[in-house]
Engineer: 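Here it is, the structure in full.
Just so we're on the same page: letters track the sequence lines, and every chain starts at 1.
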Amino acid sequence: MAALTMYPDSERLDGGNRVAFNLYIITAVTLFVLMMLLGLTMRLGQATWLSVPPDLFYRILSMHGAGMVGTAALATTAVMWFFLRKYVRLHLWAFLTNYVMFMLGALCIIFAIFVDGYGALWTFLYPLPVHGMGLWSPNAAALFMLGYLLIGVGMLVFYLDAAAGIIRVHGNLGRALGLQWLFRGTIDPDHPKAVVASTMVVIANTLGILAGAVVLVMGLVNIYYPEMALNALVAKNLIYWFGHMYINATIYMGVIAVYELLARYSGKPYPISRPFLWSWAVSTLFVIIVFPHHLMMDYAEPPWLVVMGQVVSWGAGFPVFLVTVYGALTNIYRSNMRWTMPSRLLILSMFGWAAGIVPAILDGTVRINLVMHNTQWVPGHFHFYLLLGVLPMALALMFHVIGQRADAPPNTAADRLGFPVYLIGGLIFVLAFLDAGHLSVARRMATHLPAWTATDEVGSIGAILVVLGMLYFAIRITVGLLKAPARGEPHGGTANTAG
Amino acid sequence: MILQNVVWTISLVGMGLVALGFVYVIRQAGKPADDAATRKAAHTSNLLRRWLFGSLLVIFVGGTYATLHRFPIAPQHTPLDIHQVVDVVGQQWSWQITPDTVHAGSPVEFRVTSKDVNHDFAVYAPDGRIATQTQAMPGFTNKIVYTFTQPGTYKVMCLEYCGIGHAPMTSEIKVVAASGG
């Protein structure tokens, strides 16, 4: 069965594809390490173990936020491209255009932050970018926003190419999502899950990026023509519509690795089903309309939007728990699972997503948001499903590919040590954040009250372990990707088979 | 009952249950089943998924009703007929709170706005926990209604990042015993 071939020929990386994939992945793992070091610096500063002046802290926070979100998008875009290209025709130039635009945008952002002093965070919440109070200039804010626009345009190019490829094969996006099988009909067993997930991402994140582009252009106009003021509430809605979908798209792009790879390591088929199609149809809608949960403390927001934010936040748990995570667990239950780096990371990603969504859903409750909003509860839950969910999804593919080149799934003694270092560090790190949120420790503060530093210290220890684990992964992956393919590279090699 | 403790407990229980589920399945993952056992496992899995769906549905409906049937945010566009009114204005990087002394035991209406960028007016109880909060947004006035139960000094902090002076942007509200109490 094709789905159980460990290294199918259709996933072969050669020529330009290999160069492009390596560019994406090596850039991503390098940036992940650098951004984690920035995160560690902030935690050490909050723990008072390191002196970090407030102006530097907020610049680091701006870089860490923008950098992590962007890098997560870069890495998971590579995941989506790697698998989607098997099913629809994708143009390498579009994939590379996204990379070039990302790098140009990243340079603008780095220059705006570390040269021009921009410190209004990755959320560029209007009107803070034009109120630098002497710390950064309007030009710095404009350069930061221009960087975002460049990255957004690159991603749109990739999505439009993906959409064109999907439509050419499936007729329209609805059929690619499998909407025709929601109520009746025999589902095509060969309809790729990767196409379903990619279609959802193309629909949702295109809307998100367009919303972001609107508010970025409005913000740029306001910087140079202050008399053209924006409505702060409308701007915030657009920013979070964009921001929420952009970061959530990384989960939905990353999870393609689970759909594609898990069955190869468990040896059990992982077929498409009606609940799967329902979950993606529902998730497509939910991810588009859930953003008001970021505005629960904006009482001027229409109440129906706030209620929608809560109801949809809670509802978003259904597809995750009942379909994706449950399906993955069912797949490995009583299987002949081969525990190597890719399979460990795939299961970790499912755990990180499922466990992290618990505090996230609670925070999406108006009553709870009243006492948890903008505390460290928030970075606690999003680091949970990004650090222990999304990143392991992308890492699983990276290790899978280096396994392809080394003729066997990676599972060295160093791998077996690096994995628990990352996992234990990650758990300490996110639980310290969540405990701090429970104690009402504010997020995004350069200096903490003395009563708050205990959780900062614990979090710092966790962060050190995470950085060590990720540094090992980055080196291992970079070396593995640059290594020449093994003689007689095992394309089409057999997957693990049960029994 | 402190809400933060309830939320923390529910989270730990929820994350713990997820972890237990993973540990159980991972321990079974290396024990391949024969055809009969695979069929039985598939049947049990479907049954369990239905139970899980039912349980989540009950939590979803019950939780939504319990947390929203009395909407926790005060009406913003109608007079509230509350006698203690406090005007709050945030600006980089200070709070203007008028008056800054209120009585415990009767509701207080805070009318919160900002002169420049977004801030977040968060009231910390003397035990260090957030009692209530709302955003202070330029061009809008958000109204919170809160009844203090304990006299004391309540710290006000800004919880929306607003520039380099964000952390020190603090103030205080004095809550005195109910008049005549």
Engineer: From A:D298 CG over to B:F140 CZ, what is the distance, rounded to the nearest 0.5 angstrom?
Structural biologist: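 With rounding to 0.5 Å, CG (A:D298) is 9.0 Å from CZ (B:F140).
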Engineer: Using heavy-atom distances under 4.5 Å, tell me whether A:L362 contacts chain B through its side chain, its backbone, both, or neither.
Structural biologist: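 The side chain, not the backbone.
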Engineer: Side chain, backbone, both or neither: which part of A:N231 has a non-hydrogen atom closer than 4.5 Å to chain B?
Structural biologist: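 The answer is the side chain of A:N231.
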Engineer: May I ask you to name which of B:N142, B:V18, B:T141 has the most heavy-atom pairs under 4.5 Å with chain A?
Structural biologist: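 When all of B:N142, B:V18, B:T141 are compared, B:N142 has the most.
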Engineer: Do B:M15 and A:L434 make a side-chain contact, defined as non-hydrogen atoms from C-beta onward lying under 4.5 Å apart?
Structural biologist: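 They are in side-chain contact.
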Engineer: Between A:L233 and chain B, with a heavy-atom cut-off of 4.5 Å, which part of the residue counts as in contact: side chain, backbone, both or neither?
Structural biologist: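 Both backbone and side chain of A:L233 come within 4.5 Å of chain B.
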Engineer: Determine, step by step, whether B:V7 and A:W377 satisfy the side-chain contact (heavy atoms from CB on, under 4.5 Å) criterion, reporting the C-alpha distance in whole Å, the side-chain angles of both residues, the deciding distance to 0.1 Å, and the verdict.
Structural biologist: CA-CA 10 Å; B:V7 173; A:W377 190 264; 3.7 Å; yes
Engineer: Tell me, for A:M350 versus chain B, whether the close heavy atoms (under 4.5 Å) come from the side chain, the backbone, both or neither.
Structural biologist: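 Both parts, backbone and side chain.
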Engineer: Might you confirm whether atom CG of B:D127 has over 12 heavy atoms from other residues, nucleotides or ligands at distances under 6.0 Å?
Structural biologist: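 Check passes, neighbour count above 12.
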Engineer: Side chain from CB out, backbone as N, CA, C, O: work out which of these in B:I2 comes under 4.5 Å of a heavy atom of chain A, or both, or neither.
Structural biologist: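 No part of B:I2 comes within 4.5 Å of chain A.
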Engineer: Is the shortest side-chain heavy-atom distance between A:T375 and B:Q4 below 4.5 Å?
Structural biologist: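 In short, these two side chains do not touch, never coming nearer than 4.5 Å.
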Engineer: Testing the basics here: between B:W8 and A:L431, what is the closest heavy-atom pair and its distance to 0.1 Å?
Structural biologist: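 Closest approach of B:W8 to A:L431: CH2-O, 4.1 Å.
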Engineer: Counting only heavy atoms closer than 4.5 Å, note whether A:V306 contacts chain B via side chain, backbone, both or neither.
Structural biologist: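 For A:V306, side-chain heavy atoms alone lie under 4.5 Å from chain B.
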Engineer: Among the options B:A122, B:G63, B:A41, pick out the one with the most heavy-atom pairs lying under 4.5 Å from chain A.
Structural biologist: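 Highest number of pairs under 4.5 Å: B:G63.
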Engineer: Under 30°, 30 to 60°, or over 60°: which ring-plane class applies to A:F351 and B:F22, parallel, tilted or perpendicular?
Structural biologist: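 A:F351 vs B:F22 ring planes: perpendicular.
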Engineer: In terms of heavy-atom proximity below 4.5 Å to chain B, should A:T447 be classed as side chain, backbone, both, or neither?
Structural biologist: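 For A:T447, heavy atoms of backbone and side chain both lie under 4.5 Å from chain B.
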